[in-house]
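Below: one structure, written as C-alpha cells.
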Amino acid sequence: MASIFDGLAGALNAVFGAPVTITRRGEAAVTLQAVFREIPVEQDGADGRPFVTITPTLRVQKDAIAALVRGDLVAPSTASGRSFVVLQPYFGASPASDAFLTYVLEECRQ
C-alpha cells in the first residue's frame with residue numbers, strides 16, 4: 001500500500017543531502033547522497049546538571065544502500081576532510097519505501 005510519505009525522503013535528500021563516501025570492511029568505497037548533520041544533544045552530567053554535546057548523525061535513504069553496521073567509515077563531503085565511524089543505527093518508524101535510516105557516528109581521531 002502506498003504511503004503519503006513515499007517520496008518525501010527523496011525530496012529532502014535532494015535538497016539537504018550531499019555526497020558521502022562510505023567504506024565497509026573489505027569492500028570498495030561507495031559514494032551516495034545522504035544528509036550529514038552535527039546536532040546538539042543534552043545529557044545529564046555526573047553532578048546531575050545538564051550539558052550539551054555535539055553528535056554527528058547520517059541519514060541515508062533505506063533503498064540507497066544495505067544497512068550500515070558498527071565500524072563502517074563515513075566521509076561526508078561537507079565535513080572539511082573529517083571522517084567518522086558508525087556507532088549504531090537509530091531506526092525510525094516511517095512506513096515510506098524511501099524512508100531515512102539514521103546512524104549515530106563518532107569522529108575518527110587520528
Side-chain angles (χ1 to χ4, degrees):
M1 183 166 107
S3 167
I4 62 169
F5 299 106
D6 285 345
L8 186 57
L12 291 171
N13 196 26
V15 174
F16 297 109
V20 174
T21 302
I22 296 176
T23 307
R24 296 177 166 182
R25 292 183 186 128
E27 295 185 21
V30 175
T31 301
L32 52 85
Q33 182 94 351
V35 179
F36 170 77
R37 293 289 182 262
E38 293 180 278
I39 57 172
V41 175
E42 188 173 292
Q43 299 178 342
D44 290 329
D47 60 359
R49 293 175 30 184
F51 68 97
V52 175
T53 61
I54 303 300
T55 302
T57 62
L58 183 70
R59 299 184 79 197
V60 180
Q61 286 181 261
K62 67 181 175 185
D63 59 353
I65 190 170
L68 302 179
V69 298
R70 185 177 183 91
D72 287 347
L73 296 176
V74 175
S77 64
T78 58
S80 303
R82 297 179 298 152
S83 59
F84 301 83
V85 64
V86 174
L87 291 182
Q88 66 185 37
Y90 179 78
F91 299 120
S94 174
S97 61
D98 68 338
F100 280 119
L101 301 177
T102 302
Y103 296 92
V104 177
L105 310 174
E106 178 179 63
E107 187 170 358
C108 293
R109 304 289 178 190
Q110 294 156 340

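For the numbers below, each heavy atom of this structure counts, side chains included, while hydrogens, waters and symmetry mates do not.
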Which atom pairs, one a donor and one an acceptor, fall under 3.5 Å between side chains of residues 46-54 and the rest of the protein, sequence neighbours left out?
{"residue": "Asp47", "atom": "OD1", "partner": "Arg49", "partner atom": "N", "Å": "3.0"}

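When all heavy atoms are compared, the tightest approach of Cys108 to Leu73 is SG-CD2, 4.0 Å.
Rounded to the nearest 0.5 Å, atoms OG (Ser83) and CD (Glu106) are 11.0 Å apart.
Remark: Thr78 pairs with no residue by the side-chain hydrogen bond (donor to acceptor under 3.5 Å, both in side chains) rule, at least two apart or across chains. Contacts of Phe100 classified as ring pair (Phe, Tyr, Trp, His ring centres under 6.0 Å), with partners at least two apart in sequence or in another chain: none. In this structure Tyr103 satisfies the ring pair (Phe, Tyr, Trp, His ring centres under 6.0 Å) test with no other residue, sequence neighbours excluded. Listed by chain and residue number, nothing satisfies the side-chain hydrogen bond (donor to acceptor under 3.5 Å, both in side chains) test with Gln33 (two or more places apart in sequence, or in another chain). Shown here are the side-chain hydrogen bond (donor to acceptor under 3.5 Å, both in side chains) partners of Thr23, two or more places apart in sequence or in another chain: there are none.
Judged as a side chain to side chain donor-acceptor pair (under 3.5 Å), the pairs with a partner in residues 34-43 (not counting sequence neighbours) are, in order, Glu38-Arg82. Listed by first then second residue, pairs satisfying ring pair (Phe, Tyr, Trp, His ring centres under 6.0 Å) with a partner in residues 20-41 read Phe36-Phe84, not counting sequence neighbours. Pairs passing the salt bridge (Lys or Arg N to Asp or Glu O under 4.0 Å) check and including a residue from residues 16-36, sequence neighbours excluded, read Arg24-Asp72.
Val41 belongs to a hydrophobic cluster with Ile39, counting contacts under 4.5 Å between side-chain heavy atoms of Ile, Leu, Val, Met, Phe, Trp and Tyr, direct or through other members.
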Where do Leu58 and Leu68 land on the side-chain contact (heavy atoms from CB on, under 4.5 Å) test, with the steps shown first?
CA-CA 10 Å; Leu58 183 70; Leu68 302 179; 4.1 Å; yes
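Follow the hydrophobic side-chain contacts under 4.5 Å out from Leu32 and you reach Leu101 in the same cluster.
Between Val74 and the choices Leu105, Val60, Thr21, Val85, the side chain to side chain contact (heavy atoms under 4.5 Å, CB included) rule is met once, by Leu105.
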